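Below: one structure, written as structure tokens.
Everything numeric here is computed off the predicted structure, so don't read it as measured data. Numbered from 1 within each chain, the chains take letters A, B, ... in sequence-line order.
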Number of protein chains: 2
Amino acid sequence: MATPSMEDYLERIYKLIDEKGYARVSDIAEGLEVHPSSVTKMIQKLDKDNYLIYEKYRGLILTPKGKKMGKRLMDRHELLENFLTTIGVHEDNIYKDVEGIEHHLSWDSITCIETLLEYFRRDPSRADELMNVRKELEAEN
Amino acid sequence: MATPSMEDYLERIYKLIDEKGYARVSDIAEGLEVHPSSVTKMIQKLDKDNYLIYEKYRGLILTPKGKKMGKRLMDRHELLENFLTTIGVHEDNIYKDVEGIEHHLSWDSITCIETLLEYFRRDPSRADELMNVRKELEAEN
DNA sequence: TACTTGGCGTAGCCATTGCTATATTTCCCC
DNA sequence: GGGGAAATATAGCAATGGCTACGCCAAGTA
Ligand SMILES: [Mn+2]
Ligand SMILES: [Mn+2]
Ligand SMILES: [Mn+2]
Ligand SMILES: [Mn+2]
């Protein structure tokens, strides 16, 4: 089982490869706001656990296991960002909150949040009504 | 700033005192599924950080700071359980998921989830419609 | 081809939070 | 009041995941 930190690295690596074609230690470090030495250490662990194949100083590629997991993690992250956006959380808080909670939700919960999002997508007036509730609650104080 | 673990202990202690009038090491340990020695250690840290006043072998009381925080933590936990219940997450998953995510949501997000819950409470047919979306999505597979 | 330099790797440290093993205290019962 | 069990405390270890300091590699330039 992957730890939260391992998930963060895998997600980042998947995204970098997806967008730029490769994932370098320094890019991973910058994205996760950690030092390069921390990245090296974690990459070695992810290699040991067969999420990727790593060649010192040269580069890395994701194994099928790593690709599958990486994609799931990226999708999960995006779903949760959409969710928080939909219920009206301020932009500035979204990324940090998602970074934290994404590792702690069962796939059951993820599916239910997906459904909730679809519920609001199918009829945009529902989101309007939600914002009305918000305004009423704010007016009470 | 309290760590996730510190929050778990504080929440538990607050709840025990709220329900039984006192919080003993063994009760805290049982509730959090950790060993008593871990509880002793954490209580000493919470004392040092002025969340509670601890007398070895005798007992503890929450400071005003600890009470205020404890109540907020308990309320937050309950809110999140209600939220997952409302969107249809299976009972068996709720406690564990909440235990994980509760420490990683900004108060902005918490407020928005509160609003969402109020939205569903005000018109129960909304929850019915959510369940209809769920059934439709399930039928697609 | 040799030097330089930026990127990367390693070693060793620290904080956190759990554990086990063992010591100490308290409390209850005789 | 004393003995023993249950509760609690302490010591020391381990895993995780950061960090700093420093050493190494290799791509590019002179
Ligand atoms: Mn994350
Ligand atoms: Mn993420
Ligand atoms: Mn928790
Ligand atoms: Mn909780």
Side-chain angles (χ1 to χ4, degrees), chain A residues 1-13 16-17 20-62 66 69-70 73 95-96 99-104, chain B residues 1-13 16-17 20-62 66 69-70 73 95-96 99-104:
Chain A
M1 229 7 219
T3 62
S5 201
M6 289 164 73
E7 290 190 344
D8 283 336
Y9 280 88
L10 258 181
E11 184 190 324
R12 188 98 247 148
I13 289 165
L16 281 166
I17 292 176
K20 309 189 15 175
Y22 54 88
R24 310 190 47 170
V25 168
S26 46
D27 294 329
I28 300 165
E30 191 186 342
L32 294 176
E33 297 181 288
V34 295
H35 288 238
S37 58
S38 305
V39 175
T40 301
K41 200 195 269 190
M42 183 57 88
I43 285 176
Q44 286 164 352
K45 185 197 288 198
L46 292 173
D47 178 296
K48 192 156 62 64
D49 288 0
N50 298 114
Y51 289 105
L52 51 80
I53 294 162
Y54 174 51
E55 225 180 316
K56 269 202 256 184
Y57 291 109
R58 309 312 306 275
L60 61 86
I61 55 170
L62 290 172
M69 171 104 328
L73 297 175
Y95 183 76
K96 183 150 174 284
E99 268 316 305
I101 68 176
E102 61 184 354
H103 316 286
H104 303 281
Chain B
M1 227 10 217
T3 62
S5 201
M6 289 164 73
E7 290 191 343
D8 283 336
Y9 281 88
L10 258 181
E11 184 191 325
R12 187 99 246 146
I13 289 166
L16 281 166
I17 291 176
K20 310 189 12 175
Y22 53 89
R24 308 188 47 172
V25 167
S26 47
D27 294 328
I28 301 166
E30 191 185 344
L32 295 176
E33 297 180 286
V34 296
H35 288 239
S37 57
S38 306
V39 175
T40 301
K41 201 193 271 191
M42 181 59 87
I43 285 176
Q44 286 164 352
K45 184 197 289 199
L46 293 173
D47 177 297
K48 193 157 60 67
D49 288 1
N50 298 113
Y51 289 105
L52 50 81
I53 293 162
Y54 175 52
E55 225 181 316
K56 270 202 256 185
Y57 292 108
R58 309 310 307 277
L60 60 86
I61 55 170
L62 290 172
M69 172 107 325
L73 296 175
Y95 183 76
K96 184 151 173 284
E99 268 316 305
I101 67 176
E102 61 185 354
H103 316 286
H104 303 281

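Evaluation of the side chain to side chain contact (heavy atoms under 4.5 Å, CB included) rule for Ile53(A) yields Ile61(A), Thr63(A) as partners, not counting sequence neighbours.
Separating the CG atom of Asp49(B) from the P atom of dT17(C) is a distance of 11 Å, rounded to the nearest angstrom. The interatomic distance linking Tyr57(A) (OH) with dG6(C) (P) rounds to 16 Å, in whole Å. Rounded to whole angstrom, the span from the CD atom of Gln44(B) across to the P atom of dG18(C) amounts to 14 Å. Nucleotide dG7(C) holds its P atom 11 Å from the CD atom of Glu30(A), rounded to whole Å. Atom-to-atom, CG of Leu46(B) to P of dT16(C) comes out at 12 Å; the value is rounded to the nearest Å.
Taking 4.0 angstrom as the limit, Ser26(B) places a side-chain polar atom (N or O) nearer than this to OP1 or OP2 of dT8(D). In this model, the phosphate group of dT8(D) is approached by a side-chain N or O of Arg24(B) to a distance below 4.0 Å at OP1 or OP2.
Other residues, nucleotides and ligands contribute more than 12 heavy atoms inside 6.0 Å of the CD atom of Gln44(B).
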Under-3.5 Å N/O pairs linking protein and nucleotides 15-19 of chain D:
unit_1, atom_1, unit_2, atom_2, d
dG17(D), OP1, Thr3(A), OG1, 2.5
dG17(D), OP2, Lys45(A), NZ, 2.6
dG18(D), OP1, Ser5(A), OG, 2.6
dG18(D), OP2, Tyr9(A), OH, 3.2
dG18(D), O6, Lys41(A), NZ, 2.6
dC19(D), OP2, His35(A), N, 2.9
dC19(D), OP2, Ser38(A), OG, 2.9

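Contact between Ile43(A) and Leu52(A) at its shortest, heavy atoms only, is O-CD1, 3.7 Å. Closest of all the heavy-atom pairs between His103(B) and Pro4(B) is CE1-O, 3.3 Å.
Residues Val39(A) and Tyr9(A) meet the side-chain proximity criterion, which asks for heavy atoms closer than 4.5 Å.
With Asp27(A) as reference, Leu16(A) is the one residue of Ile13(A), Leu16(A), Leu32(A) to meet the side chain to side chain contact (heavy atoms under 4.5 Å, CB included) rule.
Where Lys56(A) and Ile43(B) each meet DNA chain D at their nearest nucleotide, the meeting point lying more 5' is that of Ile43(B).
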